[in-house]
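The next block holds one structure in the form of structure tokens; read it before the comments.
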There are 2 protein chains.
Amino acid sequence: MGGRRARVLELAVLGHLAGAPMHGYELRKRLNSELGIFHAFSYGSLYPCLKEMVREGLVVSAHCGGAGGRRSRIVYRLTERGRDRLGDLLAESTPAATDDECFGVHFTLFGRTRTEVRLRILDGRRARLQECLAQVRERLADPRQDPYTVELHRHRAEALESEVGWLDDLIRRERRCAEHASTADATISGNAPLREGGPPPPGSRR
Amino acid sequence: MGGRRARVLELAVLGHLAGAPMHGYELRKRLNSELGIFHAFSYGSLYPCLKEMVREGLVVSAHCGGAGGRRSRIVYRLTERGRDRLGDLLAESTPAATDDECFGVHFTLFGRTRTEVRLRILDGRRARLQECLAQVRERLADPRQDPYTVELHRHRAEALESEVGWLDDLIRRERRCAEHASTADATISGNAPLREGGPPPPGSRR
DNA sequence: GTTGCGTTATATCAGGGCGATATAGTCATA
DNA sequence: TATGACTATATCGCCCTGATATAACGCAAC
């Protein structure tokens with residue numbers, strides 16, 4: 001449980017349970033749906049993680065004998081301590097949020113964070129990608145590589161550039177929102193740069 | 001060693017040693033440089049893999065006492081059996097080549113394959129991505145998701161579309177090359193759709 | 001009505017990869 | 001001659017994945 005990855009799973013679980021109590025199977029489904037595409041957390045890590053979290057007092061479990069014919073489940077609910085931990089993890093969250101998976105988890109929880117935290121994570125991710133990009137470009141410059149490898153790197157560079165651009169847009173929006181909130185009184189809906197329900201703003205890339 | 005991932009590492013090692021004999025450290029550097037960006041095979045899997053391959057008779061090791069001041073290394077060289085195995089792995093290579101990592105390894109070895117094999121792998125990869133894309137779009141259509149999650153999926157969809165486009169270009173080139181080779185006598189440089197040294201063709205995406 | 005199958009739901013385990021660490025020789029530089 | 005940086009091999013613990021077991025339920029077929 002002490003691993004780096006486990007922390008991310010813990011964060012994801014806390015984040016989901018903050019919305020509503022849930023049982024393991026449901027939790028896993030949502031996790032897959034949000035993050036996974038192809039590659040999500042497996043039961044082999046989820047169930048042990050939940051048990052550990054019970055042991056730590058972050059969540060409490062309740063056997064829920066199946067009302068209405070369903071089989072019995074174990075429903076997990078966040079404790080006060082768990083809610084505190086979630087707050088802490090969301091507030092720190094600098095060094096962890098660099099790699100793909102961690103970033104994804106943090107990003108899906110942006111709705112629960114403040115602008116300052118979001119900007120920190122977005123900046124960190126951007127720096128990381130730029131680092132990757134520098135490496136790829138360096139390799140592209142190397143003349144003695146076979147053409148397929150070069151083509152692979154060329155495409156990777158494009159993908160990285162595209163994601164950097166995406167991050168730039170997001171960062172710009174977050175900053176604009178931050179300024180807005182500090183200079184003038186925040187309007188009712190003026191606090192979140194991304195709003196519920198509506199289509200993505202037209203200014204976004206492509 | 002029997003795992004799926006190990007097979008990929010084996011393939012990568014075979015592919016590199018087919019070019020020239022090498023020691024573990026150098027092998028790892030090249031592996032990182034070609035695939036990794038951030039996230040390559042670790043020594044913890046490479047060295048055991050090499051030992052296993054010696055046991056299987058795919059490679060032979062030779063202690064190379066450091067001439068010219070360098071410390072002694074263990075240089076690995078491909079055997080006939082190893083070369084056969086490489087040929088087999090390159091020829092099969094349908095179901096393995098779908099996920100990111102496997103695809104990367106196979107792609108960097110395209111220079112050693114025939115057009116038919118390349119097309120099979122590219123098509124497989126494309127199908128896989130399209131499957132992902134369908135899932136992402138399905139989730140995008142779901143109205144009760146928070147805006148940040150939607151934004152994440154939107155970007156993922158873009159990235160997937162972009163990669164599909166890239167694959168389409170590659171597939172088109174490979175097909176053109178295949179037709180060319182079958183209808184007319186292949187010219188000296190007409191056999192490979194991607195040529196040594198030159199800049200990427202202008203028609204490529206973006 | 002019972003057979004079989006797909007889904008929901010929890011649990012566990014073997015196998016293996018990753019990151020860390022140990023060891024040690026070489027080289028620069030200060 | 002110490003210090004750090006790089007080359008080079010090796011091993012180990014942690015934990016994650018994928019597979020499998022178990023079981024209860026719904027539903028369709030026949």
Side-chain angles (χ1 to χ4, degrees), chain A residues 1-10 12-13 21-33 35-36 38-54 59 61-76 95-96 98-102 105, chain B residues 1-13 21-33 35-36 38-55 59 61-76 95-96 98-102 105:
Chain A
M1 242 353 63
R4 216 173 47 280
R5 172 95 194 245
R7 281 290 167 81
V8 187
L9 179 51
E10 187 182 289
V13 169
M22 227 175 291
H23 56 102
Y25 191 80
E26 175 73 11
L27 204 43
R28 206 252 185 176
K29 264 201 303 186
R30 301 210 184 186
L31 249 32
N32 278 21
S33 165
L35 291 343
F38 271 70
H39 185 67
F41 298 98
S42 68
Y43 293 126
S45 37
L46 178 58
Y47 283 118
C49 177
L50 282 168
K51 279 187 181 174
E52 174 67 12
M53 288 170 72
V54 169
V59 300
S61 63
H63 282 262
C64 178
R70 310 213 125 272
R71 72 161 290 190
S72 71
R73 310 153 157 185
I74 303 177
V75 175
Y76 296 89
T98 50
D99 61 278
D100 292 355
E101 201 154 340
C102 293
V105 170
Chain B
M1 236 4 52
R4 217 172 49 282
R5 172 93 195 247
R7 282 289 166 80
V8 188
L9 179 51
E10 187 181 289
L11 174 60
V13 169
M22 228 175 294
H23 57 104
Y25 190 80
E26 174 73 12
L27 204 43
R28 205 252 185 174
K29 263 202 303 186
R30 300 211 185 186
L31 250 33
N32 277 23
S33 165
L35 290 344
F38 271 70
H39 185 65
F41 299 99
S42 68
Y43 294 126
S45 34
L46 177 58
Y47 283 117
C49 176
L50 283 168
K51 278 188 182 173
E52 175 68 11
M53 288 171 73
V54 169
R55 215 183 54 73
V59 298
S61 62
H63 282 262
C64 178
R70 312 210 126 272
R71 74 163 286 188
S72 72
R73 310 154 157 184
I74 304 177
V75 174
Y76 296 89
T98 50
D99 60 278
D100 292 355
E101 202 155 339
C102 293
V105 171

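- Note: NE2 (B:His63) to P (D:dT9) measures 10 Å, nearest angstrom.
- Counting non-hydrogen atoms under 4.0 angstrom, B:Gly44 reaches a base of the nucleic acid.
- Here the P atom of nucleotide D:dT11 and the NZ atom of B:Lys51 are 4 Å apart, to the nearest Å.
- Between A:His23 atom NE2 and D:dA24 atom P there is a gap of 18 Å when expressed in whole angstrom units.
- D:dT9 atom P lies 10 Å from atom CG of B:Leu27, rounded to whole Å.
- Summarising the geometry, atom NE2 belonging to B:His23 is positioned 14.0 Å from atom OG belonging to B:Ser61; distances are rounded to the nearest 0.5 Å.
- When each of D:dT17, C:dG17, C:dA9 is scored by its nearest atom to the side-chain atoms of B:Ser45, the top-ranked nucleotide is C:dG17.
- Listed by chain and number, the residues in a side-chain hydrogen bond (donor to acceptor under 3.5 Å, both in side chains) with B:Arg30 are B:Glu26 (sequence neighbours excluded).
- Figure legend: cation-pi geometry between A:Arg28 and A:Tyr43, with NZ or CZ positioned under 6.0 Å from the six-membered ring centre and within 45° of its axis.
- Protein atom OH of B:Tyr25 is 4 Å distant from nucleotide atom P of D:dT7, rounded to whole Å.
- For A:Pro48, the side-chain atoms get nearest to C:dT12 when compared with the rest of D:dT11, D:dT9, C:dT12.
- Rounding to the nearest 0.5 angstrom, the gap separating the CG atom in B:Leu50 from the CD1 atom in B:Ile74 is 9.0 Å.
- A straight line from CZ of B:Arg7 to C1' of C:dG16 spans 14 Å, rounded to a whole angstrom.
- When the C1' atom of D:dT17 is taken as reference, atom CD of A:Glu101 falls 12 Å away, rounded to whole Å.
- In this structure, A:Ile74 atom CD1 and C:dT10 atom C1' are separated by 7 Å, rounded to whole Å.
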